[in-house]
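Notes follow once the structure below has been shown.
Protein chains get the first letters and strands the later ones, always in sequence-line order, with residue 1 at the start of each.
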Protein chains: 2
Amino acid sequence: MSDTPSTDRGALPDRSAGSAAFSPLYQQIKGLLLQSLDRGEWKPGEAIPSELELAARFQVSQGTVRKAIDELAAENLLIRRQGKGTFVATHHEAKVRFRFLRLTPDDGKPVASGSRILDCRRVKAPADVAALLELRSAEAVVNLRRVLSFDQAPTILDDIWLPGAVFRGLTAESLARYRGPLYALFETEFGVSMVRADEKIKAVPASPEQAELLQVETGSALLQVERVSFTYGDRPMEVRRGVYVTERFHYRNSLN
Amino acid sequence: MSDTPSTDRGALPDRSAGSAAFSPLYQQIKGLLLQSLDRGEWKPGEAIPSELELAARFQVSQGTVRKAIDELAAENLLIRRQGKGTFVATHHEAKVRFRFLRLTPDDGKPVASGSRILDCRRVKAPADVAALLELRSAEAVVNLRRVLSFDQAPTILDDIWLPGAVFRGLTAESLARYRGPLYALFETEFGVSMVRADEKIKAVPASPEQAELLQVETGSALLQVERVSFTYGDRPMEVRRGVYVTERFHYRNSLN
DNA sequence: CAGTGGTCTAGACCACGTG
DNA sequence: ACGTGGTCTAGACCACTGC
């Protein structure tokens, strides 16, 4: 099996001629790794095979695998740990959590948090939610409403929409029993890994209902955050509309 | 000059023994490149020397220089252009602008923007601003206030603080004549490149003065953004407190 | 055509974590 | 001692840009 440069690479397309749609080898490897992640071949928190193993599997050099993994690590899908291996990112870790929870106390002191489920129902998707989730109109979705409290003070009111086909069996009871971040639950119970999210933020006056639930005055200024979260392959898997009380908290962001 | 692995590397410290503070070669190269950028050896918009030239200058392989540049490019300090070279990032480009201007129209249609300078004075730094800019208390700062309008509608009210020692000669008149983003002006007139910024966001009710300037009702909800901007080496160079009208605009953000 | 960054390889050695 | 990822090198070839 002594190689020549044009050895067969199995699933990989031939690249010897300047093909019309040129894609670097490491990008193709990255795609294959993404497929494996999506397929659940390696679960969140687990180690993926070593670089040498992957290089052998794909019939490329270690350096090429390395570059593919580098990009996935830069996107926070994988986490490299020197001496130990490369691991699938998981929301069962404080670090990942803070990537998605941007509201932090003004004084920086850590707070105790609690969640109260208001509501969890299966309904037909409203048109706007269906569009954002790329579902057919009126397809089934799960609608979840909750209040998050920090140091006993109600601070976040969330209105969450999930594709019904994927999240069947999600009930208010199962949620009430669960402690920890929602996205961690989604991983372990439904095999859905949230990988990226887009947010649109506005300042809005509190509606009477919001004011009541968050124990603020009607009309007081709230931070409104509309989030669409994506799994592997940029598939939208959650729409989340939240309003935040920013009296003693702020939304932090870094511009790079 | 045929090399042996332990050839002298000029300015670079000897790494042959397992040194106490181990730092990879490419990190040291990155540091040297950063110094050159900070010193202004290569100006924003200009090309830096080719990878091979830099490799020769620093007496390392092209691959090592490449990795240093890769990191600087990932941090948006440098921009690689295949076939042309590697360039110093500049705010004289639409792309860079949108990294720092996160307010966008809800309907996505582009808007005409205009700036009105309210005020530009040299004053003694308030304690909080001095702390954020890492200045001694009561040191001189420039305080600049302006209103940005989108499609003729006043939308952003900014209160900006700059270190007086660096921004001497910045006046309301020079600003009034200038068209374009502030950060581009800072680059060409004062040699200050903004590279990164941290923001803290809240929802607040409009004060009577803010309401008047932004033509909204007193007490209506505004998005409040406190930004600290940094140059090379994470040196704070601007404090900017803005309030945004988010009636027809939103602050967009991506969580990765 | 020459020069730039981009890809790919192969191999040596280092630092880290675990037995 | 071993296996992992991390660094560094040298060299070949590819793709893009501009003269």
*asked:* Under a 3.5 Å distance rule, please check whether A/Y178 uses its side chain to pair with a backbone N or O of A/P181 as donor and acceptor.
replied: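 Pair found, side chain donor or acceptor close to backbone of A/P181.
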*Between the side chain of B/K202 and the main-chain N/O of A/T246, is any donor-acceptor distance below 3.5 Å?*
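Side chain of B/K202 to backbone of A/T246: a pair is present.
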_Would you call the rings of B/F249 and B/F150 parallel, tilted or perpendicular, taking 30° and 60° as the class edges?_
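B/F249 and B/F150: tilted rings.
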Calculate the interatomic distance between [X] atom [atom1] and [N] atom [atom2]; express it in whole Å.
X	N	atom1	atom2	answer
B/L54	D/dT9	CG	P	14 Å
A/Y26	C/dT9	OH	P	13 Å
B/Q62	C/dC8	CD	P	15 Å
B/F87	C/dG5	CZ	C1'	11 Å
B/I69	D/dC8	CD1	P	15 Å
A/K67	C/dT9	NZ	C1'	13 Å
A/Q59	C/dA10	CD	C1'	15 Å
B/K30	D/dC8	NZ	C1'	17 Å

_Tell me whether the side-chain N/O atoms of A/R66 come closer than 4.0 Å to OP1 or OP2 in D/dG5._
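For D/dG5, neither OP1 nor OP2 has a side-chain N or O of A/R66 closer than 4.0 Å.
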*Using heavy atoms to find the nearest nucleotide of DNA chain C for A/S61 and B/I48 separately, return the residue whose nucleotide is more 5′.*
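Going by which nucleotide is closer to the 5' end, it is B/I48.
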_SB check A/R248 A/D107 (cutoff 4.0 Å)_ =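 Judged by the 4.0 Å cut-off on N to carboxylate O distance, A/R248 and A/D107 do not form a salt bridge.
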*Those residues that, when tested against B/F186, pass ring pair (Phe, Tyr, Trp, His ring centres under 6.0 Å) (two or more places apart)*: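 B/F167, B/Y183.
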_Candidate pair A/E46 and A/K84, rule salt bridge (charged side-chain N to carboxylate O under 4.0 Å, His left out), full reasoning_ = CA-CA 11 Å; A/E46 290 181 8; A/K84 302 182 73 172; over 6 Å; no
*asked:* What's the closest nucleotide to the side chain of B/P24 if the choices are C/dC8, D/dG5, D/dT7?
replied: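 Closest of the options to the side chain of B/P24: D/dT7.
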_The side chain of A/V60 is closest to which nucleotide in this list: C/dT9, D/dG6, D/dT7?_
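Among the listed nucleotides, the one closest to the side chain of A/V60 is C/dT9.
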_Looking at every non-hydrogen atom in both residues, tell me the closest pair between B/E238 and B/L133 and how far apart they are._
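So the minimum-distance heavy-atom pair works out to N-CD2, 3.5 Å.
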_Does the Lys NZ or Arg CZ of A/R81 fall within the cation-pi geometry relative to A/F87 - under 6.0 Å from the ring centre and within 45° of the axis?_
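Checked: cation-pi criterion met.
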*What bend angle does the helix from C/dC1-D/dG18 to C/dT18-D/dA1 show across its length, from five-pair end axes and to the nearest 10 degrees?*
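Roughly 10° between the end axes, to the nearest 10°.
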*Side chains of A/S254 and B/E199: donor-acceptor distance under 3.5 Å anywhere?*
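There is no such pair (donor and acceptor under 3.5 Å, judged by atom type) between the side chains of A/S254 and B/E199.
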Which atom pairs link the protein and nucleotides 1-4 of chain D when you take only N or O atoms and keep those under 3.5 Å?
{"unit_1": "D/dG3", "atom_1": "N2", "unit_2": "A/G83", "atom_2": "O", "d": "3.0"}
{"unit_1": "D/dT4", "atom_1": "O2", "unit_2": "A/G83", "atom_2": "N", "d": "3.3"}

